[in-house]
Amino acid sequence: MDSNNHNSKLLYFNQETFGELYVLDTLINMTKESCQDREFSGQYYGTPPEMSAKLSAERNNYINMLTLFSEKVSNIMNLNLRLEQELCLKQNPNNCSR
């Protein structure tokens with residue numbers, strides 16, 4: 001297998017990985033926004049005050065974890081873009097799209 005073909009395959013898999021990471025980050029952020037909306041609107045489903053406080057703390061814990069997950073996925077996406085740039089430069093230094 002020649003070097004250009006190998007780099008093309010690596011670039012393809014890298015782009016597919018980026019797409020999957022993008023979807024994952026979108027799902028994480030949608031879930032986080034749903035938790036935030038419920039928390040900010042005070043939806044506690046008719047629970048007693050002590051249970052409402054526990055539910056609020058639990059939601060905030062989930063919101064914090066989802067924020068960290070999203071940051072980590074974003075970091076991986078940025079690394080993925082850097083890898084794509086390097087692969088693109090190696091494959092064709094005069095014709096890189098990003």
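These numbers come from the heavy atoms of this one structure, side chains and all, not from hydrogens, waters or symmetry mates.
- In this structure, C88 SG and N14 CG are separated by 11.0 Å, a value rounded to the nearest 0.5 Å.
- Taking hydrophobic clusters as Ile, Leu, Val, Met, Phe, Trp and Tyr residues chained together by side-chain heavy-atom distances below 4.5 Å, I28 does not share a cluster with V23.
- Rounding to the nearest 0.5 Å places CD of E86 at 11.0 Å from CG of N7.
- Within a 6.0 Å radius of CE in M65, more than 12 heavy atoms belonging to other residues, nucleotides or ligands are found.
- Distance check, rounded to the nearest 0.5 Å: CD of E84 to CG of L89 gives 10.5 Å.
- Looking only at side-chain heavy atoms (C-beta outward), P48 and M51 come within less than 4.5 Å of each other.
- Tracing side-chain contacts under 4.5 Å through hydrophobic residues (I, L, V, M, F, W, Y), one reaches Y22 starting from L66; they form part of the same cluster.
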Do N80 and L83 pass the side chain to side chain contact (heavy atoms under 4.5 Å, CB included) test, and can you show the C-alpha distance, the side-chain angles, and the key distance before you say yes or no? CA-CA 5 Å; N80 192 281; L83 177 61; 5.5 Å; no

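- With hydrogens and angles disregarded, a donor-acceptor distance shorter than 3.5 Å links the side chain of N29 to the backbone of D25.
- Linking Ile, Leu, Val, Met, Phe, Trp and Tyr whenever their side-chain heavy atoms come within less than 4.5 Å puts M77 and L24 in one cluster.
- Under the side chain to side chain donor-acceptor pair (under 3.5 Å) criterion, T31 pairs with no residue at all, not counting sequence neighbours.
- Judged purely by atom type and a 3.5 angstrom limit, N60 uses its side chain to pair as donor or acceptor with the backbone of S56.
- For the pair I63 and K32, the tightest heavy-atom approach, listed with the atom from each and the gap, is O-CD, 3.9 Å.
- For the atom pair I76 CD1 and L81 CG, the distance stands at 12.5 Å (nearest 0.5 Å).
- Note on residues 39-61: pairs passing salt bridge (charged side-chain N to carboxylate O under 4.0 Å, His left out), not counting sequence neighbours, are E39-R59.
- To the nearest 0.5 Å, the span separating OH on Y62 from CZ on R38 amounts to 13.0 Å.
- Side chain of S34 to main chain of M30: no donor-acceptor pair is present (N/O by atom type, distance under 3.5 Å, no hydrogens or angles).
- How far CD of Q15 is from CG of L87: 9.5 Å, rounded to the nearest 0.5 Å.
- A heavy-atom distance below 4.5 Å is not found between the side chains of N78 and R82.
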